[in-house]
Amino acid sequence: MSQVLLEARQVCKHFGGVKALSDVSLTIHAGEIYGLIGPNGAGKTTFFNCLTGLYVPDGGGFELAGKPLQADAPQKAAALGIARTFQNIRLFAQMTALENVMVGRHVRTRAGVIGAILRNRATREEEAAIRRRAEELLHYVGIADRACDLARNLSYGDQRRLEIARALATEPKLLCLDEPAAGMNGAETEALKVLIEGIRRDGTTVLLIEHDMKLVMGLCDRLAVLDYGQKISENVPAVVQKDRRVIEAYLGEVPEDA
Amino acid sequence: MKHPFLHALLRLPRHSGVLAVSGSLLLLALPIVAMWGGQAWVRILDFAILYVFLALGLNIVVGFAGLLDLGYIAFYAVGAYTYALLASPHLGLHLPFWVILPCGAMLACLFGVLLGAPTLRLRGDYLAIVTLGFGEIIRIFLNNLNAPLNITNGAQGINLIDPIAIGAFKLSGRTDIWVYSLNGPQKYYYLLLLLCTGVVVINFRLQHSRIGRAWQAIREDEIAARAVGINTRNMKLLAFAMGASFGGVAGGVYSAMQGFISPESFALNESIMVLAMVVLGGMGHIPGVILGAVLLAVLPEALRFGVVPVQQVLFGKVLVDPESLRMLIFGLALVLVMRFRPAGLWPSPERQRELAEAKS
């Protein structure tokens, strides 16, 4: 078995009386594509938000590569190597595609105010490296030709790709994608699948929330299924697909003689 | 490109050395030319540059980081009072300007952080209200810190503030250079021009740096900015601190130039005026902000000089008081600009493109 990258232990999150997550534990291995599925409102995005520091869990916690992950703020999670995209795309709309990715390099670069004002050699070199890396990433996700367009003017699919490029710019160990295929047509989804497989091949572990079952089953090495804030199944796609509790969660109770 | 001509025009200054040189010469000759119209015109020029300086400082907070600050003039007041207290007979201190101006900048910076720290979670209208209150608090403090211990001399203000001087060379009074005799306002003009050039360079370099991008990201989407690892707290405090420091320096120079300051000069309408310069010119776009500041500083004054003679020629007597007419036209101009050019008179190319797209 390969190395454990992320371990979630009994993560709980309540909103008033609603238990959005109760005792969710799961293990993600390095180099995996791990899927997180479940009906609407099951707590998938809440889990993401806890993991990426947007919410602070009420109980339990995470371990990243053996070290406790104390991410009570998103910027800390990003610094520790967890990058994410958003279900409803959150790009910097008035900045160009290239600038969006360059912002992603912020957490891995150092230049401060003095450097920016003096524009000394180190700052200029860092700036050139930021630009170079951002261009590479745009090329990597396949939207290099849109580099100078404002993010808001990109097509929906390209915006999704740009968000992935921006997340990759932070050099994540774990890339969390929140419904990347939502609203995409078949061809776009197929291209996205190729991209995600490429990202894994290049050494980044992927955690994927997705409703497109065809994509999830074809792409993920393992899956966890959430329902009403609880993990009801965790296994390889072929097993999860046949799991009675999963079928019930999606389709309602199955009669005995079915 | 929808406006190739406009684009060529906007790019011209950057590519043409000739234009840069002639522009600089024009700026250098301006106070000497303005002197033909009287010393008052030179003072108007001084204030125009001072406002450019202030507007560029506020532009860091409002334009780059997107934090609506309605109390900016408080930092200007802090700088001005720092200078006045450390270089006037009021406390009997007469420190040199190169000690006081950095002190003023630092103190203003501290106040910037003091204002920034408790308002980090606020945005938009809420932030505007808190900053507005902060600006007023500073002014009221200045107004009342004359008892039991007389620190600011209250509403009477501080008089006889030392001019900026290097050894025996003072920026006030006349200096003969070769055949020409430079007066005080002209010398301050050159000082302000020098400082202002520095601020333009700093603004420009900040905008096109890692820091500037982080500010813009925060302005666009704070949650996304945090998710890519930007420490929004530090970046916002940095914007407040930098904007405030520039306000502090501007205040110090103002104090030295005027020789007299009172809390009255730092009222809310001054904050609004500086904000109007930033918004009218084109938020976040440095040439736009400069244009906005120059226009709003010079036009009302020009109007004040123009209205009386024009009315006398037309009607034989003064029908409308120039002061009230000034505010009337000023208000109308603001409304018209916001109606027809909502992104400002000279917005950044990106925003211009965006407006063009919205129309088509």
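Convention: sequence-line order gives letters A, B, ...; per-chain numbering from 1.
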Flag side-chain contact, heavy atom, 4.5 Å: [X] against [Y]:
X: A:Gln75; Y: B:Met235; answer: no
X: A:Met95; Y: B:Gln216; answer: yes
X: B:Ile223; Y: A:Leu54; answer: yes

Taking side chain as everything from C-beta outward and backbone as N, CA, C, O, which of these in [X] sits under 4.5 Å from a heavy atom of chain B? Side chain, backbone, both or neither.
X: A:Arg110; value: both
X: A:Ala83; value: neither
X: A:Arg119; value: both

Surrounding CE of B:Met106 (heavy atoms of other residues, nucleotides or ligands, distance under 6.0 Å), is the total greater than 12?
no
Notebook entry, point to check: Take atom OH in A:Tyr156; do more than 12 heavy atoms of anything else shown fall under 6.0 Å from it?
Noted result: yes
Whatever's closer than 4.5 Å to a heavy atom in chain A on B:Ile230 counts as both
Restricting to non-hydrogen atoms, name the atom on [X] and the atom on [Y] that form the minimum distance, rounded to 0.1 Å.
X: A:His106; Y: B:Gly229; result: CD2-O, 4.1 Å
X: B:Ala227; Y: A:Arg84; result: CB-CG, 4.2 Å
X: B:Ala224; Y: A:Phe86; result: CA-CE1, 4.1 Å

Residues 159-178 of chain A vs chain B, non-hydrogen distance cutoff under 4.5 Å, contacting residues -> A:Arg166, A:Thr170
Within residues 124-141 of chain A, the residues sitting under 4.5 Å from chain B by heavy atom, in sequence order, are A:Glu126, A:Glu127, A:Ile130
d(B:Asp221 CG, A:Arg90 CZ) to nearest 0.5 Å is 4.0 Å
In this structure, NZ of A:Lys76 is separated from CZ of B:Arg226 (nearest 0.5 Å) by 10.5 Å
Could you tell me whether the side chain of B:Arg210 and the main chain of A:Gly112 form a donor-acceptor pair under 3.5 Å? no
Interface check, chain A: of B:Ala225, B:Ala217, B:Ser209, B:Gly212, most non-hydrogen pairs under 4.5 Å belong to B:Ala217
Most contact-rich option vs chain B, by heavy-atom pairs under 4.5 angstrom, among A:Leu118, A:Val107, A:Thr123, A:Ile117, is A:Ile117
Per-residue tally against chain B (heavy atom, under 4.5 Å) across A:Ala111, A:Ala78, A:Gly115 peaks at A:Ala111
